[in-house]
Asks: 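Okay, here's the structure, questions in a sec.
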Amino acid sequence: MSIVSEIKPLIVKELKNLYGMDFLEEDLTINTTKPEFEGDYTLVLFSFVKKIKKSPEQLGIEMGEALVKAHPDIFTAFNVIKGFLNLTVSDTYWFNFLQSHFSDSRFGHKPANGKKVIVEYSSPNTNKPLHLGHLRNNFLGWSVAQILKACGYDIIKSCIVNDRGIHICKSMIAWQLFANGATPQSTHTKGDHFVGEYYVKFNDAYKKQVEELVAGGMKKEEAEKDAPIMKRTQQMLFDWEAGKPEVMELWKKMNNWVYEGFDVTYKRIGSDFEKMYYESETYLPGKKFVDEGLKQGVFFKKEDGSVWIDLTDEGLDEKLVLRKDGTSVYITQDLGLAQQKYEDFNYDQSIYVIADEQNYHMKVLKLILQKLGKPYADGIFHLIYGMVELPSGRMKSREGTVVDADEMIEEMVDVARKKTEELGKVKDFTESELKELYDIIALGALKFFLLRVDPKKRMIFNPEESIDFHGFTGPFIQYTHARIKSILRKQSAVGSRQLAVNCLLKLEKSLIIALEQYPAIIEQAVAEHNPSVIAIYIFNLAKSFNTFYTEHSVMNAESEEKKQLRLQLSEMTAHVIASGMGLLGIRVPERM
RNA sequence: GGCCCGGUAGCUCAGCUGAAUAGAGCACAAACCUUCUAAGUUUGGGGUCAUUGGUUUGAAUCCAAUCCGGGUCACCA
């Protein structure tokens, strides 16, 4: 139990004792005391003033005296400034806390709670390689899954691969037209990049044809439909749906190239999935919903045979769920997939990591399932994240103006190597140890960069400014961890006996206070589905340790007792850093 | 146009379930390595919290309106 949740009932009880009034724990505002004031935690008094009819000062003094008297094991002192009651928590309390947790590498984790959550993330298209936006999605999804796991949830990570459709056919047509039988092997190109090149080639050719038609006097809209390459693509989609063997063969061949490429990238960034869904297998079953919805009267059929749902009561529009030709649309597929997932896993909650451009779509999806009375509908949660943009605007695969994921990672590895070589601290590392270290640092920097901001906010990435290794960054925290490990290596075992140290120094105490908050931070991150909460916390913890580190020596402490205390502090800080970074999918090195 | 999201230091962002003088990082200026890793630490300048009004003992935070930016409202996915 955290100190704050331990203190709250005590305060409620004292308020009752002193004034005979009942307050709820939720009504209490308790913050860490600002550094410029004396104390550890602060109770804000204003909210009681009205009911109790005493001045904040008097109220604070009475409460302070009562709390210190009733709980001398927790509170040792207090002061009241304006409407704030600053409470000093006893050093003994902090010693006991440190004592019982410093060696626990799973501090802050919770036991299994029996709830099952499926987290869908990544969800790539098989016509182009992953870019920076996909990385944000992948890191977010993986991290949220990991954070939920730490809180005791049973997690299934899933991925829906958009492996069919007109966009896939575009790459296929372009390959037929321009490749002359070239393959990833023959061109020594990573499979996903290879296919992505043809997607760009398609769009170049298409654009050119449209321009020519427009120059010949055709209207733009018409030209876009009439361009020969587009007509061929539509024919191919039709052939694909009919299962034409040579089209299916090409489709499989090119998708496999892409999967080979994706596998390499996923492995590199640490994305993994318990369950893969493929749109080519799930795009049809959604149609069952249409009959069901019609029978229930949730859907209605228009004269042309198309099927709709009326959401005007909810402030939305009418939404199409089945085309007049009987083929399914995007939302139909998603209805089918939601059902499929529930049948497969019987989940309590289903999280979708999808960019904010699909907010409306996800709202509609959930609403339809609710109207259909599906038991799993309320458990659907859209984890919204903002798009990653360039200073010049949105990234567009079609136009090739994207920051490629693989290239980005390679650049970060390069920077990591250069910086490491400049500093020359790991000259005794083997080649493979160095390679691993560069990977740890490069991906640490990249993941931290993308996870440290609130997922909901869109972010602008400037490729000209490479990601920093100083300040609020992954490497800064990794470095702090390596420093601590360097100290701990000098000591065979950290003693765990009760220490007779009589007082905590300011920097020691603020470190302990920070460590104590870790479990509450994880809870907050879960509640908000927000890894940036962890990133910010771990950064502040690392900063706090660094300040402590420069001010006080561990190995040459004033006394043996102090040395042991600081070793425990160091060990616990290392554990929390490693644990918190682990929740972000970031590894921490022993040395760097 | 309807709906949704955002606007905080030169830049990137915290703070947004109201609470003490609005915080970090980067950049800029300076100081600190015979002492546990200087990828570090310390100090400094830098703000009309988009604007206006309202609620409140108290507003960056809540409410309303306005301005600016983005998304979405497809028989695309």
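Throughout, a chain's letter reflects where its sequence line sits, starting with A, and its residues are numbered from 1. Basis for what follows: all heavy atoms, side chains included, without hydrogens, waters or symmetry-related copies.
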Asks: Would you mind telling me which of B/A20, B/G6, B/U41 lies closest to the side-chain atoms of A/Thr550?
Replies: B/U41
Asks: Judged by each residue's nearest nucleotide on RNA chain B, which is more toward the 5′ side, A/Lys363 or A/Glu590?
Replies: A/Lys363
Asks: Remember a base hit wins even if backbone is also touched, and classify A/Leu316 as base, sugar-phosphate or nothing at under 4.0 Å, heavy atoms.
Replies: nothing
Asks: Measuring only the C1' atom in each nucleotide, how far is B/A27 from B/A9? A whole number of Å is fine.
Replies: 12 Å
Asks: State the syn/anti category of B/C33 according to its glycosidic angle, syn meaning within 90° of 0.
Replies: syn
Asks: Sticking with atom P, work out how far B/A38 lies from B/G23, rounded to a whole angstrom.
Replies: 30 Å
Asks: May I ask you to decide whether A/Arg458 forms a salt bridge with A/Asp356, counting only side-chain N to carboxylate O separations under 4.0 Å?
Replies: no
Asks: Answer with base, sugar-phosphate or nothing: what part of the nucleic acid does A/Asp163 contact at a heavy-atom distance below 4.0 Å?
Replies: nothing
Asks: Give me the distance, rounded to whole Å, that separates B/C11 from B/C28 when you measure between the P atoms they each carry.
Replies: 16 Å
Asks: Pair A/Arg566, A/Glu558 - check salt bridge (Lys or Arg N to Asp or Glu O under 4.0 Å), show working.
Replies: CA-CA 11 Å; A/Arg566 289 178 189 166; A/Glu558 303 86 285; 2.9 Å; yes
Asks: Find the distance A/His470:NE2 to B/C28:C1' and express it as a whole number of Å.
Replies: 16 Å
Asks: Should A/Tyr479 be counted as stacked on B/G40, where stacking needs a ring-centre gap under 5.5 Å and an angle between planes under 30 degrees?
Replies: no
Asks: If you measure from the P atom in B/A60 to the same atom in B/U17, how many Å do you get, rounded?
Replies: 14 Å
Asks: Which part of the nucleic acid, if any, lies within contact of A/His481, taking any heavy atom under 4.0 Å across all strands shown: a base, the sugar-phosphate backbone alone, or nothing?
Replies: nothing
Asks: Looking at B/C3, which nucleotide sits across from it as a Watson-Crick or G-U wobble partner, both distances under 3.5 angstrom, or is there none?
Replies: B/G71
Asks: Side chain of A/Thr33 only, please: which of B/U12, B/A20, B/G40 is the nearest?
Replies: B/A20
Asks: Select base, sugar-phosphate, or nothing to describe what A/Met592 touches, counting heavy atoms under 4.0 Å on all strands.
Replies: base
Asks: Distance between the C1' atoms of B/G53 and B/U72, in whole angstroms?
Replies: 30 Å
Asks: Which nucleotide, in any strand shown, forms a Watson-Crick or G-U wobble pair with B/A20, with both distances under 3.5 Å?
Replies: none
Asks: Distance only, no hydrogens: is a donor on one side chain within 3.5 Å (strictly under) of an acceptor on the other, for A/Glu38 and A/Asn79?
Replies: no
Asks: If you compare every side-chain N and O of A/Ser486 against the phosphate oxygens of B/U37 (OP1, OP2), does one of them come in below 4.0 Å?
Replies: yes
Asks: Hey, which of A/Phe476, A/Phe461, A/Phe139 is the one that makes ring pair (Phe, Tyr, Trp, His ring centres under 6.0 Å) with A/Phe449?
Replies: A/Phe461
Asks: Considering only the P atoms, how many Å lie between B/A30 and B/G45, rounded to the nearest integer?
Replies: 16 Å
Asks: So, A/Tyr549 and B/C36: ring centres less than 5.5 Å apart, planes less than 30° off, yes or no?
Replies: yes
Asks: Between A/Lys457 (NZ) and B/G7 (C1'), how many Å, whole number?
Replies: 9 Å
Asks: What nucleotide, of B/A20, B/C4, B/G6, holds the atom closest to the side chain of A/Ile81?
Replies: B/A20
Asks: Under the side-chain contact (heavy atoms from CB on, under 4.5 Å) criterion, do A/Ile30 and A/Ile11 qualify, and how do the steps go?
Replies: CA-CA 10 Å; A/Ile30 296 178; A/Ile11 292 171; 3.8 Å; yes
Asks: Grab the OH-C1' distance between A/Tyr41 and B/A20 for me, whole Å please.
Replies: 18 Å
Asks: Over all strands shown, is A/Ser47 touching base, sugar-phosphate only, or nothing at heavy-atom distances under 4.0 angstrom?
Replies: base
Asks: Before you tell me yes or no, could you show the steps for A/His167 and A/Tyr199 under ring-ring contact (aromatic ring centres under 6.0 Å, His included), namely the whole-Å CA-CA distance, both residues' side-chain angles and the distance that decides it to 0.1 Å?
Replies: CA-CA 8 Å; A/His167 52 296; A/Tyr199 185 64; 7.5 Å; no
Asks: Could you tell me how far B/U57 sits from B/A20 if I compare only their C1' atoms? Round to whole Å.
Replies: 14 Å
Asks: Quiz question: going by heavy-atom distance under 3.5 Å, is there a donor-acceptor pair between the base of B/A14 and the side chain of A/Ser532?
Replies: no
Asks: Output the rounded distance in Å from CZ (A/Phe472) to C1' (B/G15).
Replies: 12 Å
Asks: Got more than 12 heavy atoms from elsewhere within 6.0 Å of NZ, A/Lys207?
Replies: no
Asks: Look at the side chain of A/Val453 and decide which nucleotide, out of B/A14, B/C36, B/U37, has an atom nearest to it.
Replies: B/A14
Asks: Calculate the interatomic distance between A/Phe469 atom CZ and B/A27 atom P; express it in whole Å.
Replies: 14 Å
Asks: Atom CD of A/Glu558 to atom C1' of B/C36: distance rounded to whole Å?
Replies: 14 Å
Asks: Looking for any heavy atom pair under 4.0 Å, which part of the strands does A/Ser570 touch: base, sugar-phosphate only, or nothing?
Replies: nothing
Asks: Is the NZ or CZ atom of A/Lys419 positioned over A/Tyr479's six-membered ring, under 6.0 angstrom from the centre and within 45° of the axis?
Replies: no
Asks: Hey, which sits more toward the 5' end of RNA chain B by its nearest nucleotide, A/Phe548 or A/Lys34?
Replies: A/Lys34
Asks: With a 4.0 Å cut-off on heavy atoms, is A/Ile536 in touch with a base, just the backbone sugar-phosphate, or nothing at all?
Replies: sugar-phosphate
Asks: What does the B/S/- profile of nucleotides 69-77 of chain B look like, 5' to 3', with a 4.0 Å heavy-atom cutoff to protein?
Replies: SSSSS-BSB
Asks: Could you check whether A/Lys301 makes a cation-pi contact with A/Trp308, meaning its NZ or CZ is under 6.0 Å from the centre of the six-membered ring and within 45° of the ring axis?
Replies: no
Asks: Ring of A/Phe84 versus six-membered ring of B/A20: centres under 5.5 Å and planes under 30°?
Replies: yes
Asks: May I ask you to check if A/Arg452 and A/Phe539 form a cation-pi contact, with NZ or CZ under 6.0 angstrom from the six-membered ring centre and within 45° of the axis?
Replies: no
Asks: Could you give the distance separating B/C68 and B/U52 at their C1' atoms, to the nearest angstrom?
Replies: 15 Å
Asks: Send over the distance from A/Asn359 CG to B/C5 C1', rounded to a whole Å.
Replies: 7 Å
Asks: Strictly under 3.5 Å: I want the nitrogen or oxygen pairs between protein and nucleotides 42-46 of chain B, one per line.
Replies:
from	atom 1	to	atom 2	distance (Å)
B/U42	OP1	A/Thr547	OG1	3.4

Asks: Rounded to the Å, how far apart are A/Ile30 CD1 and B/U17 P?
Replies: 18 Å
Asks: Contact between A/Ile513 and A/Asp40 at the side-chain level, heavy atoms closer than 4.5 Å - yes or no?
Replies: yes
Asks: Without swapping roles, check the side chain of A/Asn203 against the backbone of A/Val200 for a donor-acceptor pair under 3.5 Å.
Replies: no
Asks: Any strand counts, and the cut-off is 3.5 Å on both contacts for Watson-Crick or G-U wobble. Which nucleotide pairs with B/A77?
Replies: none
Asks: Decide whether A/Asn31 and A/Thr42 meet the rule of one side-chain donor and one side-chain acceptor closer than 3.5 Å.
Replies: no
Asks: Just to verify, which of A/Asp163, A/Asn255, A/Asp192 counts as forming a side chain to side chain donor-acceptor pair (under 3.5 Å) with A/Thr126?
Replies: A/Asn255
Asks: Given B/U12, is OP1 or OP2 found less than 4.0 Å from the side-chain N or O atoms of A/Arg452?
Replies: no
Asks: What contact category does A/Phe539 fall into here, base, sugar-phosphate, or nothing, at under 4.0 angstrom with non-hydrogen atoms?
Replies: sugar-phosphate
Asks: Side chain of A/Asn540, base of B/A14: donor and acceptor closer than 3.5 Å?
Replies: no
